[in-house]
Amino acid sequence: MKIGIVGLPNVGKSTLFNAITNAGAECANYPFCTIEPNVGVVPVPDERLDNLAQIYNPQKITHAIVEFVDIAGLVKGASKGEGLGNKFLSHIRETDAICEVVRCFEETNIVHVDGSINPVRDIETINLELVFADIETVEKRLERAKKMIKADKKYQLEIDTWEKIKKALEEGKSARSLEYSEEELEIIKDAFLLTMKPILYVANVSESQLTDENDKNVNAVKEYAKNDNAEVIKLCVKIEEDLSSLSGEEKKEMLEALGLKESGLDKVIKASYDLLGLMSFLTAGEPEVRAWTIKKGTKAPQAAGKIHSDIERGFIRAEIVSYDDLIREGSIVAAKEKGLMRSEGKDYIMQDGDVVLFKFNV
C-alpha cells in the first residue's frame, strides 16, 4: 500500500519523509528496507502486538506495514509540464493515497515559494494541478463514450458519469467529493483519477503551535478538509525528526516533556492505514505474534489467503477470539473456558483485532 507524500518546496515534505523512514529503521523486529532512495517501508504502530507478546513470549513480533513515497516537489503548472510536471503526476498516480504536507509555521529564515504563509492557497495550488490533470483524463473518456453510444445505448451511463465528474472538476472540486453508485464506481475505477485518491493533510507547525487549539492556519486547513472528505493531522516536522532518532525510552521521555501521548509520526502512519480502509487481524503463538493487513469487509477465507494461498484454498473454519477478550482473560485457555472462542465459517467478515487460528486441509 503506497502513500505519496506531496507538497510545495520548503514545507517540510522531505524532512517528514526522512523522519518516517528513520523511524522505520529503528524498528528492530521488522526488516526495514528502502526499495528506492525515495521509498520507505515502515511498521504500523500497534501496541496490541506488545501486549500479546507478554502472553505468548514469541521469538519475534511482526507489524503490519505501510509504504511511503517521497514525491518530488510540485510547482504551479505541473499539469502543463512545469517543473517535473508529468513525472510528478505519474508518481502520484501510482500511489493509493496522498499525504499532503502543508506549511502552517512562520519562519523568516525559510523562504516560502509564494512569499507568504497561506496554507489554503498552498493546498489549492497542488489540488488544482491534480484537478487539471483529471479534467484531461475525463475529457478523453467522455469523447470515447460519445463515439461508442452510436453503436450501443449502454454507454449513456458512462457519458452521464463523466459529465458529472467534469462539472465538479471545472468548479475546482475533487472527484472524491461526489457520491457514486456501484455502477459509476465500476466505470471510473480504471481511470485512476488523482482527485479520487483519499487524502490526508499534514499541518506542519512550530513547537509553540502544537498545543494551540485556536491556531488560525491549522483551523483554515481543517475547514478546507471538511469540504473535501479529507483528514487533518497537526505535527511539528522538526520535532518528529528529533524523535525519530531516539531510542524507545528516550522517545517516551521527550514526548512526556512535550505533553504528547504519541508522536505525530505514529498518528500519520495510523491515519494513512485507516485512510485506505485497512485493518489488521492478528495471529499469535510462540514462534511469532503478527499483524496482517486486510481491507475492511474481507471474509475469513480471503484473510487466510494473506498468510498462504493453500490456507485459503483448503479453508475449513476460523477459530477466533477478540483481542480484548484474550487480554482480559490472560490466556487462550482461559478464553476458551469462558466460551469466548468462536468457530466461524466462510461467510464470516473479519473484524479489526480478531486473534485467529485458521483450520484448513489441502
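Everything quoted here is computed from the prediction, not taken from an experiment.
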*So does Glu94 have more than 12 non-hydrogen atoms from other groups sitting under 6.0 Å from CD?*
yes

*Do NZ/NE/NH1/NH2 and the carboxylate oxygens of Lys296 and Asp274 come within less than 4.0 Å?*
yes

*Hey, are the side chains of Lys238 and Thr15 touching, using non-hydrogen atoms and a 4.5 Å cut-off?*
no

*asked:* If you apply the rule side chain to side chain donor-acceptor pair (under 3.5 Å), what do you find for Thr161 with Tyr180, and how did you get there?
replied: CA-CA 9 Å; Thr161 305; Tyr180 299 94; over 6 Å; no

*Using 4.0 Å as the upper bound for N to carboxylate O, is an ion pair formed by Glu262 and Lys267?*
no

*Distance-only, no hydrogens or angles: does the Tyr201 side chain make a donor-acceptor pair with backbone N or O of Glu231 under 3.5 Å?*
no

*Would one find more than 12 heavy atoms of other residues, nucleotides or ligands at under 6.0 Å from atom NZ of Lys338?*
no

*Between Lys346 (side chain) and Phe315 (backbone), is there a donor-acceptor pair under 3.5 Å?*
no

*Main-chain N/O of Ala334 paired with Glu329 side-chain donor or acceptor, under 3.5 Å*: no

*Without hydrogens or angle criteria, can the side chains of Ser322 and Gln351 be said to hold a donor-acceptor pair below 3.5 Å?*
no

*asked:* Any carboxylate oxygen within less than 4.0 angstrom of a Lys/Arg side-chain nitrogen, looking at Lys197 and Asp134?
replied: no

*Should Asn51 and Tyr323 count as side-chain neighbours, where that means a heavy-atom distance under 4.5 Å?*
yes

*Can you check side chain to side chain donor-acceptor pair (under 3.5 Å) on Tyr348 and Asp354, steps first, answer last?*
CA-CA 12 Å; Tyr348 176 71; Asp354 279 345; 2.8 Å; yes

*What's the spacing between Leu258 CG and Ile239 CD1 if we round to 0.5 Å?*
5.0 Å

*Crowding at CD, Glu158 (>12 non-hydrogen neighbours, <6.0 Å)*: yes

_Ignoring hydrogens and geometry beyond distance, is a side-chain donor-acceptor pair present between Asp160 and Gln156 at under 3.5 Å?_
yes

*Ser280 side chain reached by Tyr273 side chain, heavy atoms, under 4.5 Å*: yes

*Do any N or O atoms from the side chain of Lys173 and from the backbone of Val131 form a donor-acceptor pair under 3.5 angstrom?*
no

*Give a yes or no on whether Glu47 atom CD has more than 12 heavy-atom contacts from other residues, nucleotides or ligands under 6.0 Å away.*
no

*Would you mind checking if Arg48 and Asp352 are paired as a salt bridge, meaning a charged N to carboxylate O distance below 4.0 Å?*
yes

_Distance, nearest 0.5 Å, that separates CD of Glu250 from CG of Leu243_ = 10.5 Å

*asked:* Within a 6.0 Å radius of atom CD on Glu207, are there more than 12 heavy atoms belonging to other residues, nucleotides or ligands?
replied: no

*Starting at OG of Ser181, measure out to CD1 of Ile187 and round the result to the nearest 0.5 Å.*
7.0 Å

*Ion pair Lys167/Glu163, N-O distance below 4.0 Å*: no

*For Thr195 and Ala175, indicate whether the former's side chain and the latter's backbone hold a donor-acceptor pair under 3.5 Å.*
yes

